[in-house]
Amino acid sequence: MYVQDLETLKRNYVIRTAQRLGLFVRRYHGPGEKLFAARNFYSGLEALRVHFESKDIPKISLQDAKWND
C-alpha cells in the first residue's frame with residue numbers, strides 16, 4: 001500500500017466515523033449537534049472529545065435515550 005493511499009484511507013475513516021457519530025449526536029441532541037448538522041465533522045469530533053474528557057463516565061453512555069450531563 002502506498003503512503004498516499006494510507007493517508008487517504010485514514011482521512012476517509014475519520015470522516016465516515018464522524019458522519020456516523022454525527023447521526024447519533026443529532027438524534028439524541030448531544031455535544032456538537034450543531035457542528036455535525038453543519039457538516040463540520042472535525043469540530044464536531046472535537047466537541048465530543050471535550051465532552052467525554054470532562055465526564056467521569058464511559059465514552060458513550062445513554063440513559064433513558066438522553067446524553068448524561
Side-chain angles (χ1 to χ4, degrees):
M1 179 175 278
Y2 296 106
V3 173
Q4 182 180 0
D5 293 338
L6 183 58
E7 291 304 315
T8 299
L9 179 66
K10 287 179 181 179
R11 185 179 64 248
N12 289 343
Y13 177 79
V14 169
I15 292 295
R16 284 192 308 275
T17 300
Q19 289 169 332
R20 289 179 183 112
L21 286 170
L23 290 172
F24 182 77
V25 165
R26 290 170 60 200
R27 169 66 178 95
Y28 294 103
H29 308 292
E33 176 181 14
K34 290 180 183 179
L35 294 166
F36 283 113
R39 300 180 57 86
N40 189 345
F41 299 118
Y42 288 106
S43 294
L45 287 174
E46 178 64 11
L48 284 173
R49 185 191 64 75
V50 168
H51 172 78
F52 291 136
E53 285 184 355
S54 72
K55 306 294 179 189
D56 188 24
I57 57 175
K59 291 295 183 200
I60 295 179
S61 175
L62 288 177
Q63 185 176 359
D64 300 322
K66 298 177 187 173
W67 284 88
N68 291 328
D69 290 322

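None of the values given here were measured: they were computed from a predicted structure.
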message: I'd like to know if the side chain of S43 reaches the main chain of N40, judged simply by a donor and an acceptor atom lying under 3.5 Å from each other, with no hydrogens or angles considered.
response: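 No, because the side chain of S43 does not come within donor-acceptor range (under 3.5 Å) of the backbone of N40.
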query: By side chain to side chain donor-acceptor pair (under 3.5 Å), which residues pair with T8, not counting sequence neighbours?
result: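 Residues passing side chain to side chain donor-acceptor pair (under 3.5 Å) with T8: none at all.
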- prompt: Of all residues at least two apart in sequence or in a different chain, which pass the side chain to side chain donor-acceptor pair (under 3.5 Å) check with Q19?
  reply: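 Counting only residues at least two positions away or on another chain, Q19 forms no side chain to side chain donor-acceptor pair (under 3.5 Å).
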message: If hydrophobic clusters are built from ILVMFWY residues whose side chains come within less than 4.5 Å, do V14 and L23 share one?
response: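 V14 does not cluster with L23.
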field: Point-to-point distance, once rounded to the nearest 0.5 Å, from CG of L45 to CD1 of I15
entry: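 CD1 of I15 is found 8.0 Å from CG of L45.
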side-chain contact (heavy atoms from CB on, under 4.5 Å) partners of A47, counting only residues at least two apart: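 By the side-chain contact (heavy atoms from CB on, under 4.5 Å) rule, A47 matches L35.
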Contacts of type side-chain contact (heavy atoms from CB on, under 4.5 Å), residue V50, not counting sequence neighbours: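 Applying side-chain contact (heavy atoms from CB on, under 4.5 Å) to V50 gives E46.
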query: Applying salt bridge (Lys or Arg N to Asp or Glu O under 4.0 Å), which residue pairs with at least one partner in residues 11-33 are found, sequence neighbours left out?
result: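 Salt bridge (Lys or Arg N to Asp or Glu O under 4.0 Å) check on residues 11-33 returns no pairs.
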message: On a heavy-atom basis, which atom in F36 and which in P31 lie closest, and how many Å separate them?
response: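 Between these two residues, the closest heavy atoms are CE1-O, 4.2 Å.
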